[in-house]
Structures are given as C-alpha cells and as structure tokens.
Amino acid sequence: MVDFTLTDEQQDIRALAHEFAEREIRPKAWDYDRDSTFPRDVVEQAWELGLMNSHVPGEYGGPGLDYLTSCLIEEELGWGCSGIGTSLMCNGLAGAPVLLGGSDEVKRRYLGMLIEEPRLASFCLTEPDAGSDVSAMRTTAVRSGDKYVVNGTKCFITNGSHASWYAVYAKTDREAGHRGISAFVVPRDADGVTVDKKEDKLGQRASDTAMISFNDVEIPAGNLLGDENKGFKLAMMTLDRTRPGVAAMATGIAQAAFEYARDYSKERIQFGVPIAMHQAIQFMIADMSTKVEAARLLTWKSAALLDRGQRNTLASSHAKRFAADSAMEVAVDAVRVYGGYGFIKEYPVEKLMRDAKIMQLYEGTSQIQRLVIAREVLMPHRAEEPAAATA
Ligand code: COS
C-alpha cells in the first residue's frame, strides 16, 4: 500500500521544525552567511527542543525517531538555512557508524555525550587525495597492544572545529584496498588531534568545514567500530542512511527558492502586469514546483525503505542525486525570476544558489550517485539484498 499521509506525531514534529526554522534560523541566516558565523546559539536551541540527534535510540537517551520523521525535520531546517541545518544534522552522520558498529559501551559513551549536552561530532572520511575514491585514503591506524595509533589528515570535515569526537576511517591494512579500511571513534581531547584550517566557502557559510590532523593519536582498541578491515562497508552503509537526510535538506532549499520566486513573480510588474502573468515565468514556476514535489517523494521513499528494514542504496542515490540537482536548478531559476535583483545580496535567492551547489558535492557527488545508480540498475541483485543490520 502506498500512503503519503503523515502520522499526527510526524505532522507535529514537522510543524515544530518549520516554526523553529522560521523564528530562530531565518532571521539570522543571511547575517551568519555573510560573516561566516558558527551558529552555536541555534545548536543550543535546537538541542533543547529535541530537533538534534533524532536517530539516537531511546536506550541511549535519544528520541529514536524513524528516518522519515528525521527527513521531515531536515527539510524544514534546510528551508530555514541549509548551512545552519548542516551544522545541526551532522551528528547523525558521525553517529551512524557508531550505531552500526560500536560496542554497547562506545554507544553509551559517545552517543550519550551528544544527548547529555549540546555537543557535536564529525565524520572523517575524506582526505586531500581521497574524495570520491575512498579506498585511496592514506590515514593509518596501527594496532599497538590494547590501543590503535592513528596518523593522517582529513579534510572538508563538517563541524570539525567544534566536535567533541570524530568517527575516523583509516587504513589498518595498507595493501588491501577497500578491504583494509577500519573505522574508529577518536575523542577530540586525545593528544595529537589538531584542527588545522577552517575553510572559507562559497555557500553554507554558517557551517564549519575544517581540516583535522591526527598525529600519533592513541585510542583504546575498544573504539574500533565494527570489525577490523570492514570500515569501507560501514562507510557505505552510513551513507545509505544519511543521503536521504541530505536529499531532504536539498528539498528544503528548493522549496525555499520556489516560494521566494513564486511570491516575487506576483509582485514584480513588467510590461504592465505581474511577471507571473507571463508564460515564460509561469513555465519556470511550474517546473520548480514539480521538481520540489518529485525530490520530496524520492526522499520519503528512500527513508521509508530504511524504516521497513530494506536496503535503500538505489533509492537513496536516486533521492540524493535528484534532490541535489533540483535544488541547484530551482535556485538558479529563482535568480532568473528575480532578474538583476537576483544577483544582488540584498535579495534572498543568491544565497540559496550558493548553498545549493554543495548539495551536488558533499556526501557523494551527483556523478558518484549516478555511478551507484548505474551499478544497482545493471546488477539488480544488489538492490534486492536486505539492509544489513550490522556491518
Ligand atoms: N552497502 C553495503 N556494502 C556496500 C555498499 C553499500 N551501499 N556499496 C558497496 N558496498 C560493498 C560492495 O559490495 C563491495 O563489497 P566486497 O568487498 O565484498 O566486494 C565493497 O563495498 C566495495 O564496493 P565497490 O566495488 O562498489 O567500491 P568502489 O571502490 O568502486 O567505490 C563508490 C564505490 C565510488 C560508490 C564509493 O567509494 C563512494 O560512495 N564514494 C563516494 C564517497 C563519498 O560519498 N564521499 C563523501 C564524503 S562523506 S561526507
């Protein structure tokens, strides 16, 4: 049965997130973007309201929301400001490999930390020479007695400067390609962890993006997530679970750009009538509306599959690819509808256009999503496998 009706609880949470985005995020978003201000105050408010850490199960103190409900929150936060939304949602990305592969003790300690106080955690996969090609990473973790010693540099790390701990991927067998990668929790206060650089970005300027180095960092062997050398699959399973959220955020950007363009087209007079009366504008508005709707439906499907315990690799890449590209297209068209004013910072849509760009790049570029889709479509047995509960 296909039923697009949200439960009462989902509608309430969606309304709460929308109201929060409207009251607490939007009024600050353009200033924080201009000044590249980290939204610490918004993190504290969102945490207080229970809009963060939605995936942490009740047994570890979290709200244990399903993926679809989390996507509803992410869309609304993305509608408010996707830079601030990314800062609020990054704990879900860092927490996913811990939930999938961490021991009970590690889950209790590190997920519990996020629930007890408004703290942040980061996901450290990408390296300067290993972006899409995860297997090319150079960071190493060498076992030494009851510890691992981690060395390497990770880049483009969301919330990196503010995180209390990192989910770090490292080679435990340098010769084994993707079968030699393992994942670990590395606390921020471990000796040898340094924040090297905060990036100055085109868009999502309120979010913190940093380069983090690990220099002979010793961590307990118990901080290993899942089995040794199984970290690549853990990373892929994490991204299957988090790409629906990214798609939701992209849908939020598209929805915001669509609304601004729709409203402006009814106010702006050219050739004696509101520009919404011109078919050239109407067709743009119509396409924007269709793209938002389709992006949302793909996003909901990718989350609903996870909630049913099914593997969602294909649906997750469909959603992430389509929603990200749609956000970019809708934002570009919104600038077009505003004409010259769309290019001016005093108007809202140029920020959305800059913010939308990253949706096509982070958590797997649109090209990587197409690669995953092509593989899943050409080898459909992979898409039919059940979601593995553990790595
Ligand atoms: N779930 C579980 N296992 C998966 C999986 C998934 N979604 N996708 C792949 N795997 C498994 C494969 O089954 C294969 O298993 P075996 O070792 O048993 O053969 C293994 O992982 C390797 O898969 P594959 O051959 O597809 O790996 P590739 O090196 O070709 O890489 C891509 C695949 C390119 C898709 C992957 O590296 C990727 O997603 N890159 C983008 C990374 C990214 O999103 N970075 C953004 C930063 S994170 S914010």
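Being a predicted model, the structure only gives us computed values, none of them experimental. Hydrogens, waters and symmetry mates play no part in the numbers below; they use all other heavy atoms, side chains included. Counting starts at 1 for both ligands and their atoms, following the listed order.
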Which side chain to side chain donor-acceptor pair (under 3.5 Å) pairs, counting each pair once, include a residue from residues 283-297, with sequence neighbours left out? Glu75-Arg296, Gln255-Arg296, Lys291-Glu329
Give the atom numbers and elements of ligand 1 that come within less than 4.0 Å of a heavy atom of Val134. 37 (O), 40 (N), 42 (C)
Considering only heavy atoms of Thr313, which atoms of ligand 1 have at least one such atom less than 4.0 Å away? 7 (N)
Using heavy atoms and a threshold below 4.0 Å, how should the contact between Leu371 and ligand 1 be classified: side chain, backbone, both, or neither? side chain
Within-shell test, Phe232 vs ligand 1, heavy atom, strictly < 4.0 Å: yes
Any idea which atoms of ligand 1 are less than 4.0 Å away from a heavy-atom of Val372? 35 (C)
Give a yes/no verdict on a cation-pi contact between Arg26 and Trp79, requiring under 6.0 Å between NZ or CZ and the six-membered ring centre and an angle within 45° of the axis. yes
Measuring centre to centre across the rings, with the benzene-like ring taken for any Trp, is Tyr169 within less than 6.0 Å of Phe123? yes
Output the list of atoms in ligand 1 that are nearer than 4.0 Å to some heavy atom of Met237, sorted by atom number. 1 (N), 2 (C)
Relative to the heavy atoms of Thr126, which atoms of ligand 1 are at a distance of less than 4.0 Å? 47 (C)
Under 4.0 Å to a heavy atom of Asp240 - the qualifying atoms of ligand 1, by number: 1 (N), 6 (C), 7 (N)
Does even one non-hydrogen atom of Arg241 get within less than 4.0 Å of ligand 1? no
Residues two or more places apart in sequence or in another chain: which of them pass ring pair (Phe, Tyr, Trp, His ring centres under 6.0 Å) with Phe343? none
Counting only heavy atoms closer than 4.0 Å, does ligand 1 sit against the backbone of His178, its side chain, both, or neither? side chain
